[in-house]
Asks: 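Sending over a structure as structure tokens; questions will come in a sec.
Residue numbers count from 1 along this sequence. Every number for a ligand or one of its atoms is a count from 1 in the order of the listing. Note: hydrogens, waters and symmetry copies are ignored here, and every other heavy atom, side chains too, is used. Remember, it's a predicted structure, so these values are computed and weren't measured experimentally.
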Amino acid sequence: MLLAMKVFISVDMEGISGLVRWADVVTQGIDFARNRRLMTLDANAAIEGAFDGGATDVVVEENHGVEDLCDLLIDEVDPRCRVVRGAGRPGATTMAALDADTGVVLLIGHHARAGSRPGIMAHTISYQKFRSVRVNDEDCGEPEIFTIRAGELGVPVGMLSGDQVANEQLSKRAPWAESVIVKTALSNVAGNVIPPVRARELIRAGAKRAVERARGGELQPYRDESAPYAIEVGMREPISDGLRQNLESLEEFEIVDDLTVRTLADDMDLGFRRIAYLGFGDRPGLTRY
Ligand SMILES: [Zn+2]
């Protein structure tokens, strides 16, 4: 009997093996084209490991917010999977394909949360806009947001590849997840890295183990976050007039002070969308998110 095992792989760029500085992950960087290839190869290592571990269906979702979330070299991606890419997805931008049919979530190339020191290119959702994102009075990063959302759907997070800090942070909510440490953060923009050729071998092995363990029922959905979630976003710059005007017309947001906005979200699909909105909602009248 072949049990269906859909694997959801979220691919971000800051935690891709070999990459340590902001110029590595933005369009203008001299190595960006090469680094997209490194991203693609880390993703392929995870896809291969997932199928080796018994996946019957693999969906890869692009999570890196440059180039409209089209960063993988699509013609070099393992042809056995499907890829969700492009901006303007319904629901939480980086989790459009995450559903209750998913057996396990793998986080590839993910990074530590805003405020982490060290932590390679640490940020939460928007580096430019957000100084901190807190959920229920605790600092929260993207891997944890995924873990909370996946838990709501009854899905475990089974693996993270990235630096040691991102892995440590995830382990508080998902101690069962495979930690694949492809680089050791020395600061926010420096690391002691395993060359990508070898790092990909670790990613492949970690993904295989994670899927095998998910099939064996060894991984748990995270269900310990109490809802509704009290979300607090600390802005780097005082809230713009445009954003303030928009927030004042949206009763679900509370402006605490010039730098702080709170919201209470029943689930993390909504929570993610509201956090993201604070990063792009500056234009007067732009109140949809
Ligand atoms: Zn990113």
Asks: Centres of the Tyr127 and Phe130 rings: under 6.0 Å?
Replies: no
Asks: Does a side-chain N-to-carboxylate-O contact under 4.0 Å join Arg134 and Glu138?
Replies: no
Asks: Output the atom name for the N/O/S atom of His64 with the smallest distance to the Zn ion (ligand 1).
Replies: ND1
Asks: Quick one: report the N, O or S atom of Glu14 that is nearest to the Zn ion (ligand 1).
Replies: OE1
Asks: Can Lys6 and Asp99 be counted as an ion pair, charged N to O under 4.0 angstrom?
Replies: yes
Asks: Checking only N/O/S atoms, does His123 have one that is under 2.8 Å from the Zn ion (ligand 1)?
Replies: no
Asks: Checking the side chain of Asn136 only, and the main-chain atoms of Ser226 only, is there a donor and an acceptor separated by less than 3.5 Å?
Replies: yes
Asks: Restricting to N, O or S atoms of Asp12, which is nearest to the Zn ion (ligand 1)?
Replies: OD1
